[in-house]
Amino acid sequence: MKKVIKPILAGVLAISLLSACGNNGNSEGAGGKVEVEFFQGKAEAKATFDKLITKFNEANPDIKVTQVNPPDAETVLKTRVAKKDIPDVVGMGATDTFSTLSKSGLFEDFTNDPLIKDIQPAYLEMLTNMTGLTEMNGVPFSTNANGVIYNKAIFKELNLTIPKTWDEFMAVAQKVKDSGQNAFYLTLKDAWTTLSIFNPLESNIVGLDFFAQRAAGTVTFKDTYREVAEKQLKVLDFAQKDVFGKNYNDGNTAFAKGESAMYLQGVWAIPEIQKANPAIELGVFPFPSTNDATKNKLVSGVDTLLTVAKSSKHKEEAKKFVAFLLQPDNIKQYISEQKAFSAVTGVTQDDASVADLKESFESGNLIDFADHYIPAGMKVETIFQEFLQKKDIDAYLTKFDTEWDKISNRK
């Protein structure tokens, strides 16, 4: 999932938000309107949500929804929670932060709420697996996919076919390299982009059950993750030279200009790529992590869930807004603009750029993001970034275990 890490700006913004929103956004506005704050963390989705909010406000003249979209949103949200200043409606990913806040009893219970009746069961199950709770503290809204974005023109030029196994994947990368081009464009200046390599490898090679076993102390990263680590390093052989000097925005632009055949990113990057080059022909295929094609699942998770604060003074209006966003035409607008997928049954993503993923969604050949199961306090993306710089597998896996144990001992 795309993350934006700007801690200094986030800290300043957090202070300003706390000053501005000290009443929890639960005031009566001008003209007696009920003011509802919608806090969400996806910068690239702000414009789409603004359109939907305008539509809602026009249809509900007695309610005024206002969007708050800060950088490093999870940090800002945790700061506000500490100050007991929780937004009315929260849109966030199904991450460790969501799990922690849910366990603290901050969000409404939607277990028997009509709002979840049309949500695909697989995504409801992902939330309960994530939190370990029997109650449902959020409503899955949009989902995403972490795969391999590819340039169709380059694939056609080099007579390449979509790889189904790891060996085929590396063979395709080698053919691109032999042609004098970059197989991959990596943007490791932004530590979070390392997750797009790690997630499919971990989820498919090791599996998500590992994290419960690690928490129980029956397994270690050092004894289990060597294949994952070796393959994390291998992709560096086929990327451009300055991988640590380029960030996510650089990568979107470079790929749009044809500077690599493939881009290890999620579907959230597609709108940005197409802005840079509207004429580009691209597709996305599942990252083939293993040599058993039947075991290579598409990494897909709840990109945005919607939830309501128990402390909200306007729960009825907040839930009315959530229900509005879940209406088929509204979620269709969202996924069309964001190149995302719907958690609502019957609302499909029809964009040609993601057609190669249709089979995975229809067959349910999906698996969740591995990093969602790792405590946020570990800052695991910085561990990956350091490893890819130093290339010391033993030191990397030892640090992984050490940092996990540190976080576990703090709980």
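Counting from 1, the numbers follow the sequence of the chain as shown.
- Between D303 and K42 there is a salt bridge, since at least one side-chain N of the basic residue sits less than 4.0 Å from a carboxylate O of the acidic one.
- Considering every non-hydrogen atom in both L357 and A145, the closest pair reads CD1-CB, 3.8 Å.
- For F221 and Y396, the ring centers sit 6.0 Å or farther from each other.
- If you check the side chains of T194 and E381, you find no donor sitting under 3.5 Å from an acceptor.
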Step by step, work out the side-chain hydrogen bond (donor to acceptor under 3.5 Å, both in side chains) result for E337 and T48.
CA-CA 7 Å; E337 294 186 13; T48 299; 2.7 Å; yes
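- Every residue two or more places apart in sequence or in another chain that forms a side-chain contact (heavy atoms from CB on, under 4.5 Å) with P200 is listed here: N146, N204, F287, S289, V299.
- Under the 3.5 Å distance criterion, with hydrogens and angles disregarded, a donor-acceptor pair is assigned to the side chains of Q40 and Q67.
- Looking at D190 and K246, no side-chain N of the basic residue comes within less than 4.0 Å of a carboxylate O on the acidic one, giving no salt bridge.
- A donor atom on one side chain and an acceptor atom on the other are found under 3.5 Å apart for S300 and Y123.
- The closest side-chain donor-acceptor pair between S363 and N365, if any, does not fall under 3.5 angstrom.
- In this pair, H372 and F369 present their aromatic rings parallel. The plane angle is below 30°, not in the 30 to 60° band.
- Between D405 and R214 a salt bridge is recorded (basic side-chain N to carboxylate O distance below 4.0 Å).
- For K156 and E281, the salt-bridge test fails: no basic side-chain N is under 4.0 Å from an acidic carboxylate O.
- Using a 3.5 Å distance cut-off with no hydrogens or angles, the side chains of D72 and T75 do pair a donor with an acceptor.
- A salt bridge does not link K177 with D237: none of the charged nitrogens is closer than 4.0 Å to a carboxylate oxygen.
- If you check the side chains of D178 and Q174, you find a donor sitting under 3.5 Å from an acceptor.
- With respect to K257 and E259, no salt bridge is recorded, no charged nitrogen being found less than 4.0 Å from a carboxylate O.
- Counted by atom type alone, D351 and S353 present one or more donor-acceptor pairs between their side chains at under 3.5 Å.
- The two residues S260 and I154 make their nearest non-hydrogen contact at O-CD1, 3.6 Å.
- The backbone N or O of L106 lies less than 3.5 Å from no partner atom in the side chain of S104, so there is not a single donor-acceptor pair.
- Panel note: side chain E272, backbone T253; no donor-acceptor pair is recorded below 3.5 Å.
- Salt-bridge formation is detected for the pair K390/E386: a Lys NZ or Arg NE/NH1/NH2 atom is positioned less than 4.0 Å from an Asp or Glu carboxylate oxygen.
- Of the N and O atoms on the side chains of T66 and E37, not one donor lies less than 3.5 Å from an acceptor on the other residue.
- E202 and Y225 share a side-chain donor-acceptor pair at under 3.5 Å.
- With hydrogens and angles disregarded, no donor-acceptor distance shorter than 3.5 Å links the side chain of N330 to the backbone of L326.
- Salt bridge D85/R80: present, at least one basic N to carboxylate O contact under 4.0 Å.
- A salt bridge is absent between E403 and K379: the closest approach of a Lys/Arg side-chain nitrogen to an acidic carboxylate oxygen does not fall below 4.0 angstrom.
- Judged by distance alone, the side chains of T348 and D350 do bring a donor and an acceptor atom under 3.5 Å apart.
- Aromatic ring centroids of F184 and Y263 lie 6.0 Å or more apart.
- Between R226 and D394 there is a salt bridge, since at least one side-chain N of the basic residue sits less than 4.0 Å from a carboxylate O of the acidic one.
- Taking the six-membered ring wherever Trp is involved, the centroid distance between the rings of Y334 and F49 falls below 6.0 Å.
- The closest side-chain donor-acceptor pair between T95 and E74 falls under 3.5 angstrom.
- Residue P87 forms a side chain to side chain contact (heavy atoms under 4.5 Å, CB included) with just one option from V36, L77, V81, and that option is L77.
- Checked against the 6.0 Å centroid criterion, the rings of Y185 and F255 do not qualify as a close aromatic pair.
- Remark: the backbone N or O of L186 is paired with a side-chain donor or acceptor of Q240 at under 3.5 angstrom.
- For N296 and T290, the side-chain atoms include at least one donor-acceptor pair closer than 3.5 Å.
- A salt bridge does not link E230 to K234: none of the charged side-chain nitrogens sits closer than 4.0 Å to a carboxylate oxygen.
- In this structure, T304 contributes its side chain and S142 its backbone to no donor-acceptor pair below 3.5 Å.
- With rounding to the nearest 0.5 Å, the separation of CE in M262 from CZ in F169 is 5.0 Å.
- For the pair K231 and W166, the cation sits on the ring face: its NZ or CZ lies under 6.0 Å from the ring centre, inside 45° of the axis.
- Counting only N and O atoms by type, the side chains of E135 and N137 include a donor and acceptor under 3.5 Å apart.
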